[in-house]
Structure formats: C-alpha cells, structure tokens
Peer 1: 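I'd like to ask you about the structure that follows.
Just the heavy atoms: all of them, side chains too, but no hydrogens, waters or symmetry mates, feed the values below. Quantities reported herein were computed from a predicted structural model and do not represent experimental measurements. Below, read A as the first sequence line, B as the second, and so on, with proteins coming before strands; counting in each chain starts at 1.
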Amino acid sequence: MALKIVKGSIDRMFDKNLQDLVRGIRNHKEDEAKYISTCIDEIKQELKQDNIAVKANAVCKLTYLQMLGYDVSWAAFNIVEVMSSSKFTYKRIGYLAASQCFHESTDVIMLTTNQIRKDLSSPNQYDTGVALTGLSCFVTPDLARDLANDIMTLMSHTKPYIRKKAVLIMYKVFLKYPESLRPAFPRLKEKLEDPDPGVQSAAVNVICELARRNPKNYLSLAPLFFKLMTSSTNNWVLIKIIKLFGALTPLEPRLGKKLIEPLTNLIHSTSAMSLLYECVNTVIAVLISLSSGMPNHSASIQLCVQKLRILIEDSDQNLKYLGLLAMSKILKTHPKSVQSHKDLILQCLDDKDESIRLRALDLLYGMVSKKNLMEIVKKLMLHVDKAEGTTYRDELLTKIIDICSQSNYQYITNFEWYISILVELTRLEGTRHGHLIASQMLDVAIRVKAIRVFAVAQMATLLDNAHLMTGNVQRKGICEVLYAAAWICGEFSEHLDNPMQTLEAMLRPKVATLPGHIQAVYVQNAAKLFATVLKNQEGNTEGTAAQETSQLMIDRLPLFVQSANLEVQERASCILQLVKYIQKLQQKDVEVAEEVIALFAGELNPVAPKAQKKVPIPEGLDLDAWINEPPSESESEDEQPKAIFAKEETKHSRPRHTEVDEKELARRREVRKQEQASNPFYIKASPSSQKVYQEAPGVDHIPVVQIDLSVPLKVPGLPMSDQYVKLEEERRQKDRADKKKKEKKKRKEKRSGRGKKHDSGPESEEDITPAHMVDIVTEEMPENALPSDDDDKDPNDPHKALDIDLDKPLADSEKLPVRSHRAAEPLKSPAEDGDAESAASQEPKKKSSKEKREKKKDKDRDRKKSKDEKKKKKHRHEEKGEDLLGSQADEPVVQSEETSEVAAPPASNTAEVSDLDFWLSNAPVPSNTQEAATLPAAVAAPVPETPSGTAPDSEPDEPKDTEPEETDKKSSKHKKKKQKKEKKEEKEKKKKKKHHHHHRHSDGGAEESVQNGTVEEEEEEPLPPMSNYCLLAENSYIKMMMEDADQENDIQGNLQDGSQVVVSVIFENKCDSFLKSMEFNVLDSLNSKLQRAEGSGPHDGLTVPFQLPPVVSNEARFVFTVQSIVMPQKLKGTLTFIVKNEDSSTHEKLDFKLHFTCSSYLITTPCYSDAFAKLLESGDLKCSSVKLEGVIMPFHHLLARICFHHHFSVVERVDSCASMYSRSIQGHHVCLLVKTVSEPVKLEISYNQLLCLKKKKKKKKSVLSDCDLDFSLSVPLPPSLFRQ
Amino acid sequence: MIKSILIFNNHGKPRLIRFYQYFAEEMQQQIIRETFHLVSKRDDNVCNFLEGGSLIGGSDDKLIYRHYATLYFVFCVDSSESELGILDLIQVFVETLDKCFENVCELDLIFHMDKVHYILQEVVMGGMVLETNMNEIVAQVELQNRMEKSEVSPSATLKDHASVLTSNITVFISLVADLRIAAHISDVASDPNRSDVAVDVVETTDQSELSRPSS
C-alpha cells in the first residue's frame, strides 16, 4: 500500500508539465501526432488520480493541445473539477481551460452554476476575477439567468478590479438573458460615473455595444454621454462615446447639431490620430443626418475632407486606408466635396497595397460623371489586365459594372462602348462573375432598344467564338455569358445579319459540354432563330434553303434530346417534333414561317428585381394552408420519388414552355439568377490559370486554338472599347462645336438676353448628350405593389432580443430571479402574507438586506430545492400579472399593495422624452449644457433600483424613500401648515443638494422623483363642446370620468394651502347591477399624494362615499397634495368595487391613470393691462416663443380654448394678437402672447424665472392639439425651451 | 467587440488562440490557416487592416494585425472597435508581455502559453477591452503570480517528493530503470532550443536536497 503511494508520487514528480509537453512536441516533429496521442494517454492517466495538482497539470496541457486543434471536450468534467479547487493556481488553470473549450452545448456547464456563484462571492478578489473572466467566455442562457443577480451585485463591489469585470460581463449576460437588461440597466448607468476610470470605461464599452444594435433605446442617455465626452480625457472612452454618437445621430438630428461644435474642437485640438479619425467619422455621420446644407456645415465638411486628405497623403498606410474609408462615407451625401480630390484617389488606385486599392475603388463609384466615366473605366480595365490574384480582379470587375450601371445607367452616354466593355470583360479568366456580366448584357439589350442591333451583332460573334470560353471546364464562370448571348441572339434575331450562321453556331456539338441550363437556352433560342431564318428564306422564295435549315435542325437536335439534363431533353424533343412537323409541311410547299414566328411573337418588358416580392397576396390566399392534407406516414415511401423530381425541377427552373408569356420569362430569369447565386455548385468554378482568349498574353495555353501565334489575334468583329472612347471623344467635340455654333447664332439673335444657364461651364454635364437617344425602359412593377421596402433583419441576431425600451418603469415580474429561500418570499410577493405583515411590505428594502444575510447563511443549501423555489416564484409572478390585469379580485387590499409596488416608479415616459428634447433644444453653450445635462440624466433613470436582493450599500435612495412616506402620514393628519413648512424645507434642501451635487449621480433616483413629482390634474380634454371631463377608465360595469380640478372653486383655497389639487371624478354605473364598496386608490409618488383619511396607511384606498344603483352616476372629489409642480405626471390608480346583483356579488377592479399636466397647475387669475405691463417690464420673466402650424380654428376660438383648457385669462386683445395671463398655484406668473401671422399661430410666451413651458409634440396632430400646450414647470432651467 | 485574437508565427504555427465566439476545434484551425494565409502574403509596409476572411464573422469584421519579428498578432474585430485603437491595444499587449517576460521572444510564448493567456485576460475580457493602462495590467498580473507562488510554495510539492526520496531510495532506483523516466529524461535533454534543460534537472535535485534537512 505504502509502496503504491510512493510510486504514485514519484510518477507525479516526473509527470510532464506544460513546458515538457511543448518540448516533447518540438522534438517529435516527424511523428507529432503519435507523440501527442501518447501524451493524451498519459494525461488521461493523470486525470484519474486524486491529486488536484496532477489534474490541474493535465488540464493545463490539454489547454495547449486544444490550441493545436485537438478536441478535449472529453475532459470537460475534469476541467470542472479543477475549477472547483480551492487553490487559486488550479482554479485559474481550470477556468482557462473551460474558457477555451466550453460552449453552450457542453453539458457539464450546468454543474458549474454553484461553483461559479461561490467563486463570485469569494473574499479573494482574484478568485472572483478569474471566475468572471472564465464566465465571460462560456456563459449560457441558464448560467446568465441564474447568476445575473450575483453579477449585478458585483457591479457595486468595493474593488474596482471586480467592478469593471462585472460591468463588462453584463453585456454577455444581456445577450444570453435579455430579461436582465431592464433591471440591471440603472446600475449599469450608474457605473458611467464611477470614480474609477477603468470601470467607467467598461460601462461606456457595454452601453456602446448595446446602443450600437438598438440605438433608439439609448437616446435618453445622450446628455450623460455628452457630459462624459466633454469631461473625459481617456481617449479610449472618448473614442467609444464618439462612435456611439455616430450611431445615435441618425435618429436625432438635433443631437448632431449639438455635437458639431465640440467635435470640431476636438478635431482641432487632439493629437491622437485615432481620436481625430473617430471624430471625423462622427462629424460625417452628423452631417449625413443633417441632410440640409446649412452654410456653417459646409465648413465642417471642408474641415473633414481636409483632414482626410491629410490622412490619405500620409505615408502611414493605415491612415491612408482609414482616410479613404471615411471619405467613402462623405461621398454618399456630399459627392461634390470628394470629387475635388479625384487626383488623390486615382493615385491610390495604383497603390501597392490591395486594401487601399479596394477602398479607392469604392470611392470611384461616386466620382464618375458622364464626362469622365469612359476615362475611369479605361483606367480600371488597365488594372484588370495587370491585376494578379483573382479576388482583386473580380472586385475590379464588379466595380466596373457597378460604376457603369449605377442609377439606371445614368452616366453612360454610349451604350455601344458599354457593350464592348462587357464583351472585353468576358476575356477575364477564372472570374466568378460571369453571371454578372451576363445579366448586364441582358439588361442593356432589353432595356436599351436602340442598342439591340449592335448588341445582337456582338453576341453573335461571341457565340461564334464560344469555343474560347468553353474550352476549359474551369471557365464555367465565364460561360454564363453564353447564356445571355444565346438568349439575346434568339430573342432579337430579327436584327441579325446572318442568322443562319448563328444558328449553326448554336447547334454545334461542342455546345453539349456546356452546363445544362445554358444548353436549354441554346435549344430554346435555336428555335427562335429557326423561325427567323425560315422567314428570311421563305421570303427569298428559296424553298430548298428553308428545307435545308429544317434538316439541319433535325440533324442536330437529337444530340440535345439525349442530354442528361431533363430540361434540355424536354425542350429539345419538343422542338424536334415541331421541326419535323414543319418539315412535313414544307415538303407539301406550305408556307409556315409566319406561323412559326407567331410562336415567339411579343415584346419583352423588363421586370424590377423586387416585383415578385411586391405582388400583394390576394385575399383569402393562405400559402401555408395545405391544399391536400399531408399524406400519412405510411405513404411517405411512395412520395419519395416525386420529391426528388421536384427538387430537380427547382434546381433548373427556367422557361419550360415555348409560349411562356414574356413576363414570366423575365421573372424566371430573376429566379434563376438568385438560384445561381445561392447554389454552391453553380458559379464557384475554381479559378483557372489557363488563358483562353487570343488577346491575352499566354496564347499558347489555349487548348482550342491550334496555331501558335506570336501576334495577338483579333477576334473578328469584336470591337475594342478604346475605339469607342475615341469615337465618343470625337463625337463630343463635334457636338460641342455644333452647340457653340448654335449658341453664337442665338447670341446674335438676342444679344441683350442673358446667356443660357448651362453655358456657364465649358464642359458641364449637360453638354454631353448621349450618342443616340437612348430609351431606357424602366422596370415594371406589379400593379398595386406593396410599397414597403423593409430590410429583413436577421431573425437569429441575438441583439434583436435586446431591443428593449429601457425607459419604461420596471414591472414587478421583471425582477431578476434571485436564489433565495422562503424567508425572502414576502418581498417578492406580498400577496402571500401581506395581510399579516403589512409592515414588512412597507419597508421592502430593509427586508432585502435581511434576505441577503439569510442567503449568505444558507448558501450551501442544496441546489435542487432552490431551483424548485424559483419555479414556484415564477409561477407566482404570473399569477400576479393576471391580478394586475384586473381580472381577479380575491383580496382587494392586498392587490392594491401589489400595484403600489409595481407602479412605484414615478417618472413617466413622456417626461423623459421631453427632457431629452429639452436638452437637445438647449443652446449649445458648453457650460450651460453641462449643467443641463445632469438634470435629464437624473430624470432618465425612472427605473427603480431592482428591489430584489440588491446589496444594501447600493441603495442610496433608501432613506429618501421613507421620507415622503412620513410626510404623507402627517398630511393625513391634516397638520397642513406644519406640513407645508416641512415640505418647503425639504424642497429647499433638495434644491440645494441638486446644485451642489450635480455630479453625484447615485442619488439621481431619488431626486428625479422629486422633480417629477407634480401636482396632479386631468388634462385629456374631449371634443369641441368644451368640457373638462374626460374618460379615465371604463369597463363593462363602470365608467370613470375625470374633471380637471375646478379652477373656479377650489384652487383659491389650494393656493393658501401650498399645493393642493382637487380632482373630481364622475362614476357612472353602466351595468344593471348595484355597485357598492367602491374604493379609490392611487399610488402615491414622491410628491404627489392622495390625501387619505386620518390614520390610514399610504397604501389604503379612499372609500367613495356613495353607492351606485344601476345606470346612475355620481361625482366624488379627491384631494391631492403636491410638492413640486415642475413636471407633468401620471399616477396609476385602482378602483375596487363590489358588483352586487340578485343572486351573487363579485369583486371587481378597474385600473386607471391620472394624468396631470403642468397647465393644470395654473389658476385663472384676472389681470389688468397695467399690472401686466409692469410685470413684463420687471424683467423677471424669461421669454420664449413657439410657432404652431396648421391651426385651423378662428382666433377667438383659439383664445377660448387656451383660456378654458389651460386656465389663462385674456388681458388684452388687438385684432389677431392677444396677451394672456395666468398664475400657477405656487404663484408663478405666466404671460402669453398669441399672434396669428397669416396661418401659423405664433405663441410667444413669457414666464417668470421658475417656470418653463413646453410644447408637447405628440399632441400636435390631435383635433384639439392646436392649443394643447403642455406646460411644464421646471426649477432652475435656462430658457429657450421651445421647439417645433 | 473583438471576435478573436490569434497569435501565430511566420510559419502559421499557433502560439495563442482566443475565440470569443464558439467554433469547433477543426474550424478554429481552419480559421488560423486562412488568417495566416491572408496576413502572411502582405508586405510589412502595407496597411494593417484586412477586410474579413471568409470564415470568421461577417462583412462587418476586420482583421487588424501587427507583425513583430517572428510573430503575428491578429485581432478580428467588428465595426464597433476603432481600428487605430485596436492597433494601439496590440501594442499595449505586446509591451505588457515584454514587461512580464522581460524581453519577450517567441520562446516565451511557446513555453508559457498559459501565462500569456493570463496576461491577455487582464487586457481583454469576453471580447471587450478591459484595461488599456499597462501599469495596471502588469500590477494585476504580478499580484496574481505572487498569489500563485504563495500557494504553491516550492516546498509544498517538492518537499513531499524529497521526503519520499530519502526514505525510499531503493524504490527510486528501481523506478529509474522504468522506461517512462528514461523517456522523459531524453525528451527533456534532447531539446535543442533549451540548453537550460540540464539546469532544470539540476535545480530539481538541488531543491530536493535543500529541503532534506527540513523534512
């Protein structure tokens, strides 16, 4: 026994470690595989030992072998063992191995959950760090779900080292478990302002990564990022932020306007090229989003282009490359500014670096004009000849075609030239783009009618010399061109000079070596040619010639009938029979040509590529429905052969019938093209080194041409494109000369008249007229085509799941799953024992910390149990969700408590949007903006801290949460005056805090609610007969109508009381049952509270003091206390009631939302014009104006509306101009000047220092919108808040 | 996001591979081969960016690489990364290696792949840049190394062996006859690249002798 142990340990001593393994492998170069396999055997032995050190060593070696390409997944379990070692050394080895070879389908991963959790909470920061690093590589959806909460806790770890890792890994967690995004986001945002730059940079990194995919959800963070951008000095962070802004600006042009100045400053000041480059990039993005050419922006463009030119001229190839890359972005919107650097770009085309040449090629696309197209293409053709390596040559080819065909052949003045270019391109060896050339040929021939004669002649020559292309199987790519050639010759055969010759060329035996689909086209078009030939010959009254032609067909077609390709076979046999029949007729001297021609009569129209897609689906057509029920299993065997046949069919779907209508034909061509593109066997011919065309230098390689030629051969009849360039030049000169003559004449005729506009430039674009009037047929679209051109996003994109609205308040069901025990239950679902422990639910946060402690104690509890609990919890969440929908009402009291938790977040979405608007509309003065930026940033955090299981230290707003509750209690005791004082003090405190702690984002959560807290009142007004009542909520039992707090009666009293608003609600019983025990409850926000009866808790409802018999309505009033009237607010509320009829009674509930806008806080106060004038003179008021368009109603009507809905009074009115006045309940003056300037009503609004006004955009279009101003009272904000 | 980090030498031999998205081993090797093929045919004086290979990522991706003496450092990144930034990052990484290994050369990477990984883990995590400050990276790596040393103090394992050795010298001798040990020694000794192998062996015995009195 002892000996065994000894032997084991000595073995161990001589175990190979990683270095030995590497050495060994290097020494066994000749039989490496064998050596490694023995090593793997050794490793397997080592893994069987109990000693963890040995195992770790073995795993370490496996990691190395994995790098060499050996599958080590068999050791996954051992890796987990090593990971769970208590020693950091081994743990690290284990995690490294796991990160290298674990992936989502590694099943042992699920064993690691607890181990990882343990490591995450290890007191040793490096244990945690190593676990986080490992986890970042192999996190699975399950792990993400189970560990999300732990990682979130780590985001507030004391060590920045852990914080930054935790922040980074959150991105991976979000990807795998998108539900975690919303609960974790507030904390992530907090980390943007972490004191440690590393953590900050990590947070920026993650948010940028998130925002890049779904930018619109992150617009609200723009102010915060803006602040970071202006304050940060870390170039890494700056680059990330600037890149992020590049993604955001397309969504919000105003953001771009704001950015331009700081960005241009950066461009001027920075010395870091990387930063400069990113700045330029983002400025470009901004300029693209601000499509309007504002004058000062042309300066920015110039700056960008200038800087880029410097980059491109730099000797550093990297900068050159990036400069070109950025240039191509400018090109899209500002081609003019790029075109001036044409020289530079053409120069780059000659660069030795392929990447740079490719970039320069991209730019060429936008540089061409009618004038220089030929010149540029000529240059490119030279490059094509010179280019080595097929990829670059292919790239050139596609670029040439792209450049020429762009915007519907806009720049081509001479199509003969273009066709000859295409023909020249067919000489390219081994290109993959034969189909591209083919489709261009087809497209041009079909759409440019004038070119057909020429095209047909060219194609006939191509067909004649087809052997040059078919010589080699590897030239498959290019022989696609023959497809086009054959089709063009057939279709437009009437233009052929010598159709007979072409026909013969098409029926050569060699053709049988072509790919099937080309043969099929050959056969089909041979028939068309045949028809033409017959017609010619019959016209010449040479009966014998016609018969000879038929004979030729009959002789040659059997070759195709034997083809292995079904398509070819079918067509050939069909046509063969047809020709035989014709021959019979000919022998009887019957004239058949006309009838044969009729087979192929008709004009073809081009069809737009997306036409098929856009054909609307006829009503009642369900393509997914079975036409016949699917066969049962037993029949499947019989179906087999059919299926194969069908497959074969689709592979070569081309026009099958002789008389297919033209559209069909064209469409099928499209289909074929698509299939070719997707069919791997089709175009991907491996590049051949064989040169086939005579003009190419390596002539002797051509297998077909037997004669050894030292002089390049000219293919007879194949024109050189150069010759057309010359011709074109001449023509243009002539044109110009002509024009000048004409102009001279004209000038003579009318000397006094101003010169023609287009005469300004000596060679302006317009001067170049196309060689022949080209009728470019536009592509056809189906009638009532669907307009949508929706880009199809990849449904598998993991980022799609992260498209989550982050501004919405967090719902209860969204909390992260916490591994917790029964003791923690009350927090998660107060419904369970809320009655018993109402106190518990009042202080959920304290509880959570308790829970935390408990969790730690029970950490080692067995896993299964916790899992079960999780399931249960989930279930409960679902139940709760139903409750919230109001369908069940078993425990009404508890429910209201639940809702109170759910709806606690006070800030509404609109408030936020308007904040962003506010920030964006702000004057771009840096100092100003910085201050302003903090506010929206704070407001942008409406989501409460995830209540579950968060660490107590991460809840800075905890005490503040309880504060308002206390005040609330006091208020319910009607100690109003005292309360008022307190509130004022509080408010002041908070204001102060706000001033002094702008940067302390951590208390944003609390502050934000303070600001948001609003006086409440109803706003949504109904239709013209002006009434303040609006529908609040309605179900089958009851209808709630809400009246704006009566401005006449109650507000006076309110004024004295500080801030109180009375809301009248009309309850209307809609059913025929008796409604009783109505309880009205609203979720208090931090500063808007429902005044409740003395002694009742903050979650208790108010009993409505009446019952409702069927079809009766009554009105109840509710008083709300308000602290700040800064912003509009929505409050959520519930009405619970009992429906009682003869036999039963049910408990029902109805949810509603109270919407309070700022104009609700205004009180109609009369004001005399002299007082009004004084007020204006005092200078205390800040001024701003807004223009409203599309106001249709008469002016007096408008005034009436403003008075009625927004509680203003008219001070003075002169014609179409009126001044109005109002006061807020806190005594702010608001003056309004309404002017009508013809149509748009202009509102000029003055207000005192504490008041800001805002126009709500979304209301603009509603019927009443024209005067539906949303007034928002805002504390120390700068003015100029209006925007259109 | 960084999609993958590859280090290979002028002959395409991988020295470190790190994929931030899963590929089977075979695919990984193919990617290395393809990347090597793309990168190796480029001159040293052309730009360091390469539009993505066919195997990894989509059109959004770029290969950004640097060539140091015998090694290529290739980062495959998507468009959210700044090209010049990544070039800097590679520089930071290499300089860090240089600090940690003291005059780093290919051999260091060959024999200490694990250590290189640990250093890389402090620079990039899960495809995102974790730290760019070299001093911070080096500090963290050193701290972890120190921790490792304290855990695996030389006495821990060697002492065991030593005690076993002294008391069971006969077993040892009988085992020396064992082929495995002989093979091992030949492995170790015949490595042409490491003349210090002999020293390695000597050290081992030295240490065991040193620890003898203590046991």
Peer 1: Work out which heavy atom in A:S136 is nearest to a heavy atom in B:M125; give both atom names and the distance.
Peer 2: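 Closest approach of A:S136 to B:M125: OG-CG, 3.7 Å.
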
Peer 1: Can you tell which part of A:Y277 gets under 4.5 Å to a heavy atom of chain B, answering side chain, backbone, both or neither?
Peer 2: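 The side chain, not the backbone.
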
Peer 1: Using the salt bridge (charged side-chain N to carboxylate O under 4.0 Å, His left out) criterion, which residues pair with B:R42? Sequence neighbours excluded.
Peer 2: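 Only A:D353 meet the salt bridge (charged side-chain N to carboxylate O under 4.0 Å, His left out) criterion with B:R42.
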
Peer 1: Report yes if the side chains of B:K62 and A:L325 come closer than 4.5 Å at any heavy-atom pair, otherwise no.
Peer 2: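 Yes - at least one pair of side-chain heavy atoms lies under 4.5 Å apart.
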
Peer 1: Please determine if A:K91 and B:E148 form a salt bridge, counting it only when a charged side-chain N lies under 4.0 Å from a carboxylate O.
Peer 2: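 Looking at A:K91 and B:E148, the cut-off is not met.
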
Peer 1: Which bit of A:C137 is near chain B, if near means a heavy-atom gap under 4.5 Å: side chain, backbone, both or neither?
Peer 2: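 Answer is side chain: those atoms of A:C137 sit under 4.5 Å from chain B.
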
Peer 1: Among A:R359, A:M273, A:Q125, which has the most heavy-atom pairs under 4.5 Å with chain B?
Peer 2: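 Sorted descending by pairs with chain B, the first entry is A:R359.
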
Peer 1: Identify whether the distance between the nearest side-chain nitrogen and carboxylate oxygen of A:K240 and B:E81 falls below 4.0 Å.
Peer 2: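 Here A:K240 pairs with B:E81 in a salt bridge, since their nearest N and O are under 4.0 Å apart.
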
Peer 1: Does the side chain of B:D114 come within less than 4.5 Å of A:I93's, by heavy atoms?
Peer 2: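 Contact flag for A:I93/B:D114 side chains = no.
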
Peer 1: Say whether A:Y126 and B:Q140, considering side chains only, have a donor N or O and an acceptor N or O under 3.5 Å apart.
Peer 2: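 Short answer, yes.
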
Peer 1: When heavy-atom pairs shorter than 4.5 Å are enumerated against chain B, which of A:D71, A:V199, A:L319 gives the highest number?
Peer 2: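 Highest number of pairs under 4.5 Å: A:D71.
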
Peer 1: Rounded to the nearest 0.5 Å, what separation is found between the CG atom of A:L96 and the CG atom of B:L120?
Peer 2: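 Reported value, rounded in 0.5 Å steps: 10.0 Å.
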
Peer 1: For B:Q28, which atoms come within 4.5 Å of any heavy atom of chain A: side chain, backbone, both, or neither?
Peer 2: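 Side chain only.
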
Peer 1: Which residue out of A:L68, A:I356, A:V72 racks up the most heavy-atom pairs below 4.5 Å with chain B?
Peer 2: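 Sorted descending by pairs with chain B, the first entry is A:L68.
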
Peer 1: Please walk me through it: do A:Y321 and B:N48 pass side-chain contact (heavy atoms from CB on, under 4.5 Å)?
Peer 2: CA-CA 9 Å; A:Y321 174 88; B:N48 295 340; over 6 Å; no

Peer 1: Can you check side-chain contact (heavy atoms from CB on, under 4.5 Å) on B:M1 and A:Y171, steps first, answer last?
Peer 2: CA-CA 11 Å; B:M1 279 271 284; A:Y171 177 65; 3.9 Å; yes

Peer 1: Could you go step by step and tell me if A:N318 and B:E83 meet the side-chain contact (heavy atoms from CB on, under 4.5 Å) rule?
Peer 2: CA-CA 9 Å; A:N318 292 330; B:E83 290 88 348; over 6 Å; no

Peer 1: Of all heavy-atom pairs between B:E131 and A:G198, which one has the smallest distance, and what is that distance?
Peer 2: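 B:E131 and A:G198 have their closest heavy atoms at OE1-CA, 4.4 Å.
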
Peer 1: Chain B: which of A:K352, A:K165, A:E104 shares the most heavy-atom pairs with it under 4.5 Å?
Peer 2: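 Winner by heavy-atom pair count: A:K165.
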
Peer 1: Within the distance-only criterion (no hydrogens, no angle test), does the side chain of B:E26 pair as donor or acceptor with the backbone N or O of A:G69 below 3.5 angstrom?
Peer 2: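 No, B:E26 side chain to A:G69 backbone: no donor-acceptor pair under 3.5 Å.
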
Peer 1: Looking at every non-hydrogen atom in both residues, tell me the closest pair between B:G85 and A:W236 and how far apart they are.
Peer 2: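 The pair with the smallest heavy-atom distance is O-CZ2, 3.5 Å.
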
Peer 1: What residue, out of A:S201, A:S99, A:C60, has the most heavy-atom pairs lying under 4.5 Å from chain B?
Peer 2: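 If we count pairs closer than 4.5 Å to chain B, A:S99 comes out on top.
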
Peer 1: Kindly give the heavy-atom pair with the smallest separation between A:K243 and B:S80, and that separation in Å.
Peer 2: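 Heavy-atom minimum between the residues: CD-O, 3.3 Å.
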
Peer 1: Would you compute the distance between atom CD of B:Q144 and atom CG of A:D127 and round it to the nearest 0.5 angstrom?
Peer 2: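 One gets 9.5 Å once the value is rounded to the nearest 0.5 Å.
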
Peer 1: Working to the nearest 0.5 angstrom, can you tell me the gap between A:L322 CG and B:F49 CZ?
Peer 2: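 It comes to 4.0 Å.
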
Peer 1: Side chains of A:T133 and B:Q121: is there a donor and an acceptor less than 3.5 Å apart?
Peer 2: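 Judged by distance alone, the side chains do not pair up.
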
Peer 1: Using the rule given for side-chain contact (heavy atoms from CB on, under 4.5 Å), can you reason through B:F111 versus A:L18, listing the C-alpha separation, both sets of side-chain angles and the distance that settles it, and then say yes or no?
Peer 2: CA-CA 7 Å; B:F111 286 100; A:L18 176 62; over 6 Å; no

Peer 1: For A:I239, is it the side chain, the backbone, both, or neither that has a heavy atom closer than 4.5 Å to a heavy atom of chain B?
Peer 2: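 Only the side chain of A:I239 comes within 4.5 Å of chain B.
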
Peer 1: For the atom pair CG (B:N45) and OG (A:S315), what is the distance rounded to the nearest 0.5 Å?
Peer 2: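 Rounded to the nearest 0.5 Å, the CG-OG separation comes out at 11.0 Å.
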
Peer 1: Let's test your reading of the structure: which of A:V206, A:L358, A:N124 forms the most heavy-atom pairs below 4.5 Å with chain B?
Peer 2: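 Option with the greatest count: A:N124.
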
Peer 1: Who are the salt bridge (charged side-chain N to carboxylate O under 4.0 Å, His left out) partners of A:D351, not counting sequence neighbours?
Peer 2: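 Residues passing salt bridge (charged side-chain N to carboxylate O under 4.0 Å, His left out) with A:D351: A:K320.
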
Peer 1: Among B:R18, B:K13, B:M113, B:E136, which residue has the highest count of heavy-atom pairs closer than 4.5 Å to chain A?
Peer 2: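 Among the listed options, the one with the most contacts to chain A is B:R18.
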
Peer 1: Which heavy atom in A:L168 sits nearest to a heavy atom in B:M128, and how many Å separate them?
Peer 2: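 Shortest heavy-atom contact: O-CE, 3.2 Å.
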
Peer 1: Looking only at non-hydrogen atoms, find the nearest pair between B:E25 and A:C101 and report the distance.
Peer 2: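 Looking at all heavy atoms of both residues, the closest pair is OE2-CB, 4.3 Å.
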
Peer 1: Report the distance from atom CD1 of A:I169 to atom CG of B:L130, rounding to the nearest 0.5 Å.
Peer 2: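 Between A:I169 CD1 and B:L130 CG, I get 11.0 Å after rounding to 0.5 Å.
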
Peer 1: Could you tell me whether the side chains of B:H117 and A:Q100 share a donor-acceptor contact shorter than 3.5 Å?
Peer 2: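 Note: B:H117 and A:Q100 side chains meet the donor-acceptor criterion.
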
Peer 1: Quick one: do the A:Y161 and B:E122 side chains pair a donor with an acceptor below 3.5 Å?
Peer 2: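 The criterion, which ignores hydrogens and geometry beyond distance, is satisfied for B:E122 and A:Y161.
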
Peer 1: Evaluate the ring planes of B:Y22 and A:H103, with Trp represented by its six-membered ring, and classify them as parallel (under 30°), tilted (30 to 60°) or perpendicular (over 60°).
Peer 2: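 Answer is parallel, since the angle falls under 30°.
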
Peer 1: Looking at CZ of A:R26 and CG of B:L107, how far apart are the two atoms once the value is rounded to the nearest 0.5 Å?
Peer 2: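 Answer for the CZ-CG pair, A:R26 versus B:L107, is 6.0 Å.
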
Peer 1: Would you call B:D78-A:R213 a salt bridge at under 4.0 Å N-O?
Peer 2: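 Here B:D78 pairs with A:R213 in a salt bridge, since their nearest N and O are under 4.0 Å apart.
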
Peer 1: Count the heavy-atom pairs under 4.5 Å between each of B:D43, B:L84, B:L143, B:N133 and chain A, then report the option with the highest count.
Peer 2: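 The answer is B:L84.
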
